[in-house]
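Structure record follows, encoded as structure tokens.
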Amino acid sequence: MPLTSPREMFERAYHGGYAIGAFNVNNMEIIQGIIKAGEEERSPLILQVSAGARKYAGQTYIMKLMEAALQETDLPVVLHLDHGQSFEICRDVIQAGFTSVMIDGSHLDFEANIALTRQVVDYAHDRGVWVEAELGRLAGVEDEVSSEENVFTDPDEAVEFVERTGCDSLAVAIGTSHGAYKFKGEPRLDFERLENISSKLPNFPLVLHGASSVLPEFVEMANRYGGKVSDAKGVPEDFLRRAASSGVCKINIDTDIRLAMTAVIRRFFQETPEEFDPRKYLGPAREAVREMVGHKIKNVLGSSNKM
Ligand code: G3H
Ligand code: 13P
Ligand code: ZN
């Protein structure tokens with residue numbers, strides 16, 4: 001099955017009130033775990049690659065791993081660039097065969113974000129590629145993505161931004177952030193703002209970044225076996241279900257994958273210090289990804305059996 005565009009996936013998700021999971025991939029085990037979960041749940045999937053992932057694995061390896069994954073599945077799968085920072089990176093991955101790109105001009109001022117997004121849209125649409133853009137800014141630090149504070153998306157600006165750029169989907173800032181430390185006190189998202197944006201942009205797919213739930217099970221396991229992940233807090237899963245019924249068609253998850261793998265590997269190292277065969281811990285880490293992604297698809301995103 002060749003890679004597909006998000007178009008039909010999002011149309012169905014939008015009207016069905018569910019969301020498609022966009023899972024960050026960095027190596028073979030992560031890709032295999034996600035694809036297996038998708039297979040078991042018969043769910044469409046988005047696999048996304050950050051600039052950091054591209055640097056870590058190399059684009060050729062990513063493409064070849066995806067090619068192998070696609071040979072073994074009939075699921076609709078989108079290959080998406082996560083947080084593209086420039087026209088050039090978007091162009092490069094489009095030339096390599098990605099079916100969707102994010103141009104992240106959220107660090108720029110409104111006019112400069114529009115100009116950059118428009119440039120990517122013109123190039124991508126000529127080649128049938130989907131473009132996600134971002135307006136507003138998420139706090140949090142990742143390898144290639146960082147910002148000190150949240151700047152929530154203004155609903156009227158969102159309408160103007162979509163009209164002037166022609167982007168296909170829009171990532172909005174409503175209080176989520178990247179990484180494992182999303183909230184100091186009680187988790188809170190600005191659903192009123194989300195509903196307002198969604199009502200001003202009918203039939204238009206929105207995207208939620210920073211949507212990991214930072215599952216306590218894995219935080220506790222990581223800490224029990226020598227980790228130091230304290231005060232970690234994510235987006236409660238019922239918040240994600242609510243977002244999916246308010247125009248959010250794509251929900252981004254990376255931190256939950258990192259935590260699941262790390263917790264299981266830490267446990268293995270501590271319980272069996274005499275072992276040194278990487279397959280013995282990368283195998284269970286892959287299983288943890290499969291189980292966690294399966295849970296998200298089935299119990300949170302609602303995309304099971306939506307092929
Ligand atoms: O939004 C960021 C993703 O979690 C990717 O993170 O840039 O460290 O690969 P990364
Ligand atoms: P998390 O850090 O919450 O997993 O967010 C990932 C993300 O938004 C990737 O773009
Ligand atoms: Zn993100």
Side-chain angles (χ1 to χ4, degrees), residues 1-10 20-36 38-39 44-107 113 115-134 142-145 165-171 178 205 207 209 249-254 257-258 286 289 293:
M1 179 92 179
L3 288 166
T4 58
S5 158
R7 186 171 305 281
E8 201 193 325
M9 276 184 200
F10 286 173
I20 311 294
F23 301 99
N24 283 75
V25 299
N26 289 279
N27 67 8
M28 181 186 79
E29 283 77 10
I30 297 175
I31 293 177
Q32 289 176 331
I34 297 165
I35 295 280
K36 194 144 182 224
E39 276 288 344
L45 291 170
I46 300 173
L47 270 56
Q48 57 186 10
V49 179
S50 69
R54 230 169 138 239
K55 220 187 286 168
Y56 173 77
Q59 183 161 295
T60 308
Y61 273 91
I62 298 268
M63 294 313 293
K64 293 291 175 189
L65 287 168
M66 288 304 301
E67 194 184 314
L70 291 171
Q71 268 175 25
E72 292 181 0
T73 183
D74 62 343
L75 295 176
V77 178
V78 169
L79 183 59
H80 174 78
L81 172 70
D82 192 26
H83 293 285
Q85 297 282 318
S86 66
F87 170 78
E88 289 73 21
I89 186 173
C90 294
R91 183 195 57 203
D92 287 358
V93 303
I94 289 170
Q95 285 173 357
F98 281 45
T99 49
S100 176
V101 294
M102 174 188 193
I103 177 67
D104 181 357
S106 62
H107 53 289
N113 189 354
L116 177 61
T117 303
R118 180 78 244 175
Q119 188 190 7
V120 172
V121 166
D122 287 343
Y123 183 85
H125 284 184
D126 279 350
R127 290 154 184 85
V129 171
W130 185 273
V131 179
E132 173 185 326
E134 178 165 333
E142 302 283 316
D143 276 2
E144 307 280 334
V145 193
T165 60
C167 67
D168 302 296
S169 55
L170 186 69
H178 292 114
V207 178
H209 282 247
C249 296
K250 173 172 176 278
I251 288 190
N252 284 11
I253 297 173
D254 186 4
I257 296 173
R258 297 177 180 196
R286 175 173 61 191
V289 172
V293 170

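In this view, A57 and I62 satisfy the side chain to side chain contact (heavy atoms under 4.5 Å, CB included) rule, not counting sequence neighbours.
Here M9 contributes atom CE and S100 contributes atom OG; the two are 9.5 Å apart, rounded to the nearest 0.5 Å. Atom OH of residue Y123 and atom CD of residue Q95 lie 3.5 Å apart, to the nearest 0.5 angstrom. Atom OG1 of T60 is separated from atom CG of L65 by 10.5 Å, given to the nearest 0.5 angstrom. To the nearest 0.5 Å, atoms NZ (K250) and CG (L170) are separated by 11.5 Å. Summarising the geometry, atom CZ belonging to F87 is positioned 12.5 Å from atom OG1 belonging to T117; distances are rounded to the nearest 0.5 Å. Between the CG atom of L47 and the CD1 atom of I35 there is a distance of 5.0 Å, given to the nearest 0.5 Å.
In this structure a side-chain-to-backbone donor-acceptor pair under 3.5 Å is missing from N252 to H209. For N113 (side chain) and E134 (main-chain N/O), a donor-acceptor pair under 3.5 Å exists by modelled atom type. At distances below 3.5 Å, at least one donor-acceptor pair connects side-chain atoms of D168 with backbone N or O atoms of V131. The backbone N or O of D82 sits nowhere less than 3.5 Å from a side-chain atom of S50 that would complete a donor-acceptor pair.
The shortest heavy-atom contact between R118 and G166 is NH1-N, 4.0 Å. The nearest pair of heavy atoms linking H83 to D104 is ND1-OD2, 2.8 Å. Pairing each heavy atom of I89 with each of A51, the nearest pair is CD1-CB, 4.1 Å. When all heavy atoms are compared, the tightest approach of L45 to I34 is CD1-O, 3.8 Å.
A heavy-atom distance below 4.5 Å is not found between the side chains of M102 and Q48.
The salt bridge (Lys or Arg N to Asp or Glu O under 4.0 Å) pairs that include a residue from residues 61-75 are R42-D74, K64-E67, where partners are two or more places apart or lie in different chains.
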